[in-house]
Amino acid sequence: KTIVFITHKLNETMSLSDRITVIRKGKVVFRCDTSFTNEKELATQMVGRQVENIVAKRGQKTGQAVLELKGVRLHERAGETVSLKVRAGEILGIAGVVGSGRTTLINAILRERPITSGCLVYAPSLDRAGAISILPGDCGGHSLFSGKDLTFNITSSNVQKAARFYMISDHTLDLYARDYMDRLSIRKPSCRVPVDQLSQGEMQKVLIARSLYQDARLYIFDEPSSNLDLTSKSELYNIYNALLARGASIILISSDFSELIGMCDRILLLKAGEQVG
């Protein structure tokens, strides 16, 4: 059998393929046997320039804790409880395979799942509406408003941001949408393009834009870079740094270990609903 494997992940490409073809902006720019190349060369060919370091976290001074879990049991069969603390200006990573309890933990933090043991403590800054922003990990398919355009989907998280005297300005909404499209390189001729016409990667970017537009204090990102190419990942990490500089906090759920190690201040390791590291 023959397999054509399409991916943004360089380690997968190097470990699984016999030959590699790199496509950039609709054109083939590079071909070779896998044994004659490396990840750095592939990254350069994919982006079109020298890539030194995709993951680049800038050191930020952390503040007081904005969220704390103390002895929370994620399910009845779990022998160990989960305790964590998220401070202002830091990224807390959550690592674990599917079924490890990552989603259950997030649902507990969002108060969508009852806590039967332990306690959850919010700082006063998280008690207002819209203070917590969640980016789900379903690649955009079930989290976007089908049939609606980019402006509607990006600005729906904080419509009041474009209001004046309780009146919503479509022009202002379009300006905000275009700003976030530029930041995340959503290259469409108009912000009125329906989201149904987007690729999975573009849908992911729209979800990220909507989360950022919310102006929250705590951002929860579930596999945010799963459908992003190298350039978009680099732009996303720069956005993380900008959020931290503003004093926001980030909980990052990811299966990409280089992303977790490169961007996070601390990492919580889960296994079968228990905290193991």
Side-chain angles (χ1 to χ4, degrees), residues 1-58 91 93 95 135-141 144 150 154 178-189 193 195 197-212 219 221-244 250 252-264:
K1 303 295 183 181
T2 301
I3 299 174
V4 177
F5 187 67
I6 304 172
T7 181
H8 294 136
K9 298 180 179 179
L10 299 179
N11 59 338
E12 287 183 344
T13 305
M14 294 300 298
S15 62
L16 296 176
S17 65
D18 299 290
R19 292 182 295 113
I20 300 172
T21 298
V22 176
I23 299 176
R24 186 173 71 244
K25 296 182 179 180
K27 296 181 180 180
V28 173
V29 296
F30 183 72
R31 282 194 185 100
C32 79
D33 290 341
T34 305
S35 57
F36 291 105
T37 188
N38 54 55
E39 290 190 15
K40 187 173 182 180
E41 182 180 23
L42 286 179
T44 300
Q45 295 293 341
M46 289 172 67
V47 176
R49 56 179 170 79
Q50 193 71 27
V51 178
E52 296 298 333
N53 190 8
I54 294 295
V55 181
K57 184 178 186 297
R58 300 173 195 150
I91 300 180
L135 175 71
D138 66 354
C139 302
L144 293 173
L150 287 165
I154 291 174
R178 175 54 67 183
D179 177 40
Y180 282 92
M181 288 171 64
D182 291 341
R183 291 192 202 184
L184 292 164
S185 298
I186 304 174
R187 297 182 178 90
K188 292 298 175 184
V193 173
V195 292
Q197 299 180 13
L198 305 181
S199 66
Q200 277 198 339
E202 289 170 331
M203 287 183 179
Q204 187 79 352
K205 290 182 181 181
V206 172
L207 282 176
I208 294 170
R210 185 170 72 190
S211 181
L212 298 174
Y219 293 86
F221 293 138
D222 188 354
E223 301 286 0
S225 62
S226 58
N227 289 298
L228 301 183
D229 56 31
L230 290 178
T231 304
S232 299
K233 282 185 179 182
S234 179
E235 292 164 350
L236 179 60
Y237 299 148
N238 288 332
I239 291 173
Y240 288 171
N241 288 322
L243 291 175
L244 299 179
I250 298 173
L252 177 61
I253 304 172
S254 178
S255 302
D256 186 337
F257 296 135
S258 62
E259 182 176 69
L260 288 171
I261 294 171
M263 292 302 299
C264 297

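- Distance check, rounded to the nearest 0.5 Å: CD1 of Ile239 to CZ of Phe221 gives 8.5 Å.
- In terms of modelled atom types and a separation under 3.5 Å, the side chain of Ser254 and the main chain of Leu260 share no donor-acceptor contact.
- Going from atom OG of Ser225 over to atom CD of Glu235 covers 13.0 Å, rounded to the nearest 0.5 Å.
- Proximity of Lys205 to Leu228: side-chain heavy atoms (C-beta onward) are separated by under 4.5 Å at one or more points.
- Between the CG atom in Leu16 and the CD1 atom in Ile3 there is a gap of 8.5 Å [rounded to 0.5 Å].
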Trace of the side-chain contact (heavy atoms from CB on, under 4.5 Å) decision for Leu10 with Met46:
CA-CA 10 Å; Leu10 299 179; Met46 289 172 67; 3.5 Å; yes
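- Taking 4.0 Å as the cut-off between side-chain N and carboxylate O, Lys188 and Glu202 count as a salt-bridged pair.
- Tyr180 OH to Leu150 CG: the interatomic distance, rounded to the nearest 0.5 Å, is 15.0 Å.
- Every residue two or more places apart in sequence or in another chain that forms a side-chain contact (heavy atoms from CB on, under 4.5 Å) with Thr7 is listed here: Phe5, Lys9, Glu12, Thr13.
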Kindly determine whether Thr37 and Phe30 satisfy side-chain contact (heavy atoms from CB on, under 4.5 Å), including the steps that lead there.
CA-CA 11 Å; Thr37 188; Phe30 183 72; 4.1 Å; yes
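- For the pair Ile154/Met181, a side-chain contact is recorded, criterion being any heavy-atom separation below 4.5 Å from C-beta on.
- With a 4.5 Å cut-off on side-chain heavy atoms, Tyr240 and Leu252 count as touching.
- A 4.5 Å side-chain heavy-atom check between Met203 and Val195 finds every atom pair outside the cut-off.
- Side-chain contact check for Leu207 versus Arg210: some heavy-atom pair is nearer than 4.5 Å.
- Under a 3.5 Å cut-off, the side chain of Arg19 and the backbone N or O of Arg31 do not form any donor-acceptor pair.
- Heavy-atom minimum distance, Pro224 versus Leu135: CB-CD2, 3.6 Å.
- To the nearest 0.5 Å, atoms OG (Ser211) and OH (Tyr219) are separated by 6.5 Å.
- Residues Met14 and Leu42 have side chains in contact (heavy-atom distance under 4.5 Å, counting atoms from C-beta outward).
- Distance check: Gln204 CD to Ser232 OG gives 10.5 Å after rounding to the nearest 0.5 Å.
- Looking at heavy atoms from C-beta onward, Pro136 lies out of side-chain contact with Asp222 at the 4.5 angstrom threshold.
- The two residues Phe36 and Glu41 come nearest to each other via the heavy atoms O-OE1, 4.0 Å.
- Put simply, the side chain of Asp33 never gets that close to the backbone of Ser35: no donor and acceptor are under 3.5 Å apart.
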